[in-house]
There are 2 protein chains.
Amino acid sequence: MTIKDIAESCGVSISTVSRVLNNHPDVSPKVRQKVLDAAQKAHYVPNNSARDLVKSRSEGIGLIVRGVGNPFFTQIIHAIERAIDAAGYTLVLHQISTDDDEIMAGASLARSKKLRGLIFLGGKGDYQSSDIAILDVPFVCCTYTVRFTPLARESYSSVAIDDKMEGYRATRFLLEKGHRKIGVLINSKHDRSIGELRYMGYCEALAEMGIPLDETLVEEAGSFTLPAAYEATCRLLERRGDITAVFAIADSMAVAAAKALHDKGRCMPEDCSVIAIDGLEMSSYFVPVLTTMAQPQTELGTTAVKTLVDMIEGRAGNRHILLPATLRTGGSVRSI
Amino acid sequence: MTIKDIAESCGVSISTVSRVLNNHPDVSPKVRQKVLDAAQKAHYVPNNSARDLVKSRSEGIGLIVRGVGNPFFTQIIHAIERAIDAAGYTLVLHQISTDDDEIMAGASLARSKKLRGLIFLGGKGDYQSSDIAILDVPFVCCTYTVRFTPLARESYSSVAIDDKMEGYRATRFLLEKGHRKIGVLINSKHDRSIGELRYMGYCEALAEMGIPLDETLVEEAGSFTLPAAYEATCRLLERRGDITAVFAIADSMAVAAAKALHDKGRCMPEDCSVIAIDGLEMSSYFVPVLTTMAQPQTELGTTAVKTLVDMIEGRAGNRHILLPATLRTGGSVRSI
DNA sequence: ATGTGGATTGGAAGCGTTTCCAATAGTAAA
DNA sequence: TTTACTATTGGAAACGCTTCCAATCCACAT
């Protein structure tokens with residue numbers, strides 16, 4: 001059942017049917033109704049491929065996520081899907097692995113699927129203008145604080161929390177509770193990763209209190225996985241058995257850290273407090289409840305989509321939005 | 001950058017380039033390499049709309065999931081995406097809410113997007129032939145045990161664990177550890193829900209040991225959410241303070257149950273053991289480690305895709321596959 | 001040399017839509 | 001009744017790709 005069949009059954013031309021179906025103005029009411037009825041009766045469903053081909057674009061928005069399995073992302077993906085659907089677009093999900101180049105992946109996905117826009121979730125958020133030059137659709141980088149090359153700043157949007165700030169706030173919270181020997185559990189402090197920023201916040205909080213930075217308190221897990229975080233915590237404890245608190249830069253790492261503490265014979269929070277950043281729903285149900293800087297996950301997702309759709313439809317230019325996290329206190333931190 | 005540009009730059013015909021790009025055999029190695037190089041150098045990305053148009057179908061597979069936010073699904077979705085990608089298809093994700101009709105949602109998605117197949121994740125898994133008649137693409141129902149209307153059984157595939165059996169195994173494990181007063185935490189024991197089946201397994205295990213079923217040990221949360229499970233556990237404890245173990249039908253519910261136990265002054269596992277079904281990765285990092293019947297999440301996802309693709313490509317008819325869960329023991333259960 | 005046949009290659013017809021442009025019908029003014 | 005427009009309509013050219021069919025090529029046997 002194509003537009004052509006309808007045209008024939010109505011005795012009009014293909015062009016006319018197309019016009020009716022696309023709500024073009026220049027069609028007489030009589031013909032319009034006739035065509036509409038015929039289409040209805042024939043259960044006509046437009047062929048998107050053909051339309052996309054001639055318009056050389058689809059109504060798809062690509063979501064490139066590094067690590068779909070990351071529990072922190074699920075709620076954001078949830079919100080993104082909802083918002084994309086509500087805006088009349090289609091979600092095309094594509095996940096990449098740690099060492100894939102998200103820009104390249106996004107570029108080829110966008111090209112081959114003729115997508116209207118892209119959302120990067122968990123990307124590195126640090127793009128050179130030269131890198132993103134191959135992207136010819138608007139995109140927004142979600143979740144991680146974005147570092148800008150001056151020129152690149154003008155060409156895409158971002159929605160994230162202020163990682164450095166929240167790292168600062170988390171550390172500050174521990175300091176205010178009297179902790180001084182605070183271990184940091186981090187994926188990596190280099191590579192312009194998310195960890196680097198949260199770690200910078202940690203450093204800043206210490207500096208503000210006049211506490212010298214002690215490198216032996218910093219432990220890199222190398223990734224966000226639970227086993228890596230567990231091992232890292234073990235190393236940290238072995239080296240610095242005297243810490244009274246751990247700042248894990250992600251809730252999931254904090255879970256692994258808590259287990260490592262327990263396995264090494266330490267109680268949380270009696271022997272060692274734990275604070276994190278992310279705010280998984282489940283963290284509120286741990287015993288003790290994990291203290292964490294909760295990211296506004298749903299809002300991150302919906303804002304990302306809104307920003308992107310605004311760009312796609314030309315309603316607004318690119319924007320860079322920072323959303324605040326919320327301190328969610330639990331029993332995992334105690335005063336000393 | 002189209003196939004035509006490459007053809008020109010190589011001095012060959014469009015057909016030849018197409019053949020090279022589609023790995024057709026009848027091309028001389030020399031030409032093939034030349035074309036490949038050119039395509040590579042030009043960052044050629046095929047236009048899917050055009051391809052779909054001529055082949056009159058897309059390469060899309062729809063994933064209809066009820067509750068993307070459910071942590072248990074994330075790993076499965078992850079596996080599904082990977083497998084779909086590897087098979088050369090594209091994932092179109094669509095989530096629905098609790099009370100949406102998944103079949104209707106799937107049907108309209110499949111039509112408008114010209115999808116090749118559908119995967120239902122977390123659907124009710126209990127379809128009447130009359131319901132699924134509107135679906136004109138193959139589909140597979142993943143995750144939940146499927147109950148069949150005789151005719152419907154012939155028309156679609158399913159991949160799941162044997163919910164009743166695993167419910168039985170979990171309960172049986174507790175019984176073997178000496179527990180006799182075992183509370184059940186369940187979303188619902190009616191509505192042909194997943195809970196009903198796991199609960200049936202519980203009943204069977206008790207019956208096998210000659211233990212009469214006690215309705216006061218059964219608590220329905222009404223959903224799988226953490227707050228609901230928490231409240232349900234509180235009610236259960238209030239009514240039956242004498243239970244020595246809880247069988248939660250999902251890991252996430254077990255987390256909430258553990259917290260409720262703690263908040264009601266009970267230690268896990270000293271005062272009350274907990275066992276669940278699902279096997280979230282994170283459950284292995286809880287203190288104590290959650291004992292659970294771990295579903296083979298990755299395998300569920302890949303098998304679902306494989307089954308679907310086999311149907312799509314006509315390699316095999318529909319199948320109904322039950323995958324075994326694996327008992328993962330942790331400290332959350334103790335012998336009495 | 002002359003076929004012969006298989007291996008390669010090119011040509012061209014669509015796939016279903018949109019849309020520009022030309023054609024026609026209809027209407028009001030002259 | 002003509003004229004001059006305007007409102008409608010039809011025709012046809014893309015869009016980029018696959019694929020059937022015909023054409024060309026080349027090595028090798030005759």
Side-chain angles (χ1 to χ4, degrees), chain A residues 1-39 42-60 90 107-116 136-137, chain B residues 1-39 42-60 88-90 110-116 313:
Chain A
M1 174 52 54
T2 73
I3 213 180
K4 190 177 160 203
D5 300 318
I6 297 184
E8 282 169 3
S9 83
C10 290
V12 297
S13 76
I14 290 178
S15 336
T16 302
V17 176
S18 174
R19 271 186 286 258
V20 171
L21 265 18
N22 288 286
N23 279 314
H24 280 286
D26 293 342
V27 183
S28 67
K30 229 178 353 216
V31 173
R32 158 159 280 133
Q33 196 51 54
K34 188 165 60 173
V35 171
L36 249 23
D37 288 346
H43 290 113
Y44 169 76
V45 178
N47 180 325
N48 273 306
S49 319
R51 182 200 308 247
D52 290 353
L53 176 58
V54 47
K55 300 195 115 172
S56 82
R57 63 184 164 87
S58 75
E59 295 306 320
T90 299
S108 68
L109 187 72
R111 280 242 187 94
S112 74
K113 300 274 178 338
K114 291 272 179 268
L115 302 177
R116 301 293 302 281
D136 41 12
V137 292
Chain B
M1 172 54 53
T2 74
I3 212 180
K4 189 177 161 204
D5 300 318
I6 298 185
E8 281 168 2
S9 83
C10 290
V12 299
S13 74
I14 290 178
S15 337
T16 302
V17 177
S18 174
R19 271 186 287 259
V20 171
L21 265 18
N22 289 286
N23 278 316
H24 280 287
D26 293 341
V27 182
S28 68
K30 231 183 349 226
V31 174
R32 159 159 279 132
Q33 197 52 52
K34 189 166 58 173
V35 171
L36 250 23
D37 288 346
H43 291 113
Y44 169 75
V45 178
N47 180 325
N48 271 304
S49 319
R51 180 197 312 240
D52 290 352
L53 176 59
V54 47
K55 299 196 129 178
S56 84
R57 59 185 162 84
S58 81
E59 295 306 324
Y89 292 83
T90 299
R111 283 256 176 82
S112 73
K113 300 272 177 342
K114 287 250 181 293
L115 301 178
R116 301 293 302 282
E313 300 178 355

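Hydrogens, waters and symmetry mates play no part in the numbers below; they use all other heavy atoms, side chains included. Predicted model only: the values in this text are computed from it and were never measured. Every chain is numbered from 1, with letters handed out A, B, ... down the list of sequences.
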Point to revise | Nucleotide of C/dA12, C/dG16, C/dT19 approaching B/Ser15 most closely (side-chain heavy atoms) | key: C/dA12
Check your understanding: Is A/Ser18 touching bases, backbone alone, or none of the nucleic acid, heavy atoms closer than 4.0 Å?
Key -> base
Review point. If every non-hydrogen atom of B/Ser9 is compared with every non-hydrogen atom of B/Ala38, which pair is closest and at what distance?
Key: OG-CB, 4.0 Å
Practice item. Output, in order, the C-alpha distance, side-chain angles, deciding distance and verdict of side chain to side chain contact (heavy atoms under 4.5 Å, CB included) for A/Ser58 and A/Thr90. Key: CA-CA 9 Å; A/Ser58 75; A/Thr90 299; over 6 Å; no
Check your understanding: For B/Thr16 and B/Lys55, take the nucleotide of DNA chain C holding the closest heavy atom to each; which residue's nucleotide lies nearer the 5' end?
Key -> B/Thr16
Practice item. Rounded off to whole Å, could you give me the CZ-to-C1' distance for the A/Arg57 and C/dT17 pair? Key: 13 Å
**Study point:** Heavy-atom pair of closest approach, residues A/Lys114 and B/Ser49
**Key:** CG-OG, 4.0 Å
Practice item. Ignoring hydrogens and angles, tell me if any N or O in the side chain of A/Ser112 forms a donor-acceptor pair with the backbone of A/Ser108 under 3.5 Å. Key: yes
Revision key, fill the gap. Counted 5' to 3', the first and last nucleotides of DNA chain D within 4.0 Å (strictly under) of a heavy-atom of chain B are D/dG16 to D/dC20
**Study point:** Residue closer to the 5' end of DNA chain C, A/His24 versus A/Leu53 (nearest nucleotide)
**Key:** A/Leu53
Check your understanding: Within the structure, does a side-chain N or O atom of A/Tyr44 lie under 4.0 Å from either OP1 or OP2 of C/dG16?
Key -> no
Check your understanding: A/Asn22 near the nucleic acid: base, sugar-phosphate alone, or nothing, with a heavy-atom cut-off under 4.0 Å?
Key -> sugar-phosphate
Practice item. Specify the closest pair of heavy atoms between A/Arg32 and A/Arg19, including all atoms of both residues, with the distance to one decimal. Key: NH2-O, 4.1 Å
Practice item. Decide, yes or no, whether a salt bridge links A/Asp52 with A/Lys113 under the criterion of side-chain N to carboxylate O below 4.0 Å. Key: no
Check your understanding: Per the end-axis method with five pairs at each terminus, what is the bend angle of the helix from C/dA1-D/dT30 to C/dA30-D/dT1, to 10°?
Key -> 60°
Practice item. Using whole Å, report how far CE of A/Met1 lies from P of C/dT17. Key: 10 Å
Check your understanding: Checking all strands, does B/Asp26 fall into the base, sugar-phosphate, or nothing category for heavy-atom contacts under 4.0 angstrom?
Key -> base
Check your understanding: Whole-Å distance between C/dG14 C1' and B/Asp52 CG?
Key -> 16 Å
Review point. Taking B/Asp37 for the side chain and B/Lys34 for the main chain, is one N or O donor matched with an acceptor at less than 3.5 Å?
Key: no
Practice item. Using a heavy-atom cut-off of under 4.0 Å over every strand shown, decide if B/Ile14 touches base, sugar-phosphate, or nothing. Key: base
Exercise for review: Give the rounded distance in Å between these two atoms: CD1 of A/Ile3 and P of C/dC15.
Suggested key: 14 Å
Review point. Nearest heavy-atom pair of B/Tyr44 and B/Leu21: which atoms, and what distance?
Key: CE2-CD2, 3.6 Å
Review point. Roughly how many Å is it from NZ in B/Lys4 to P in C/dA12, rounded to a whole number?
Key: 14 Å
Check your understanding: Counting just side-chain N and O atoms, does A/Ser49 come under 4.0 Å of either OP1 or OP2 of C/dG16?
Key -> no
Review point. Does atom NE2 of B/His43 have more than 12 heavy-atom neighbours from other groups under 6.0 Å away?
Key: no
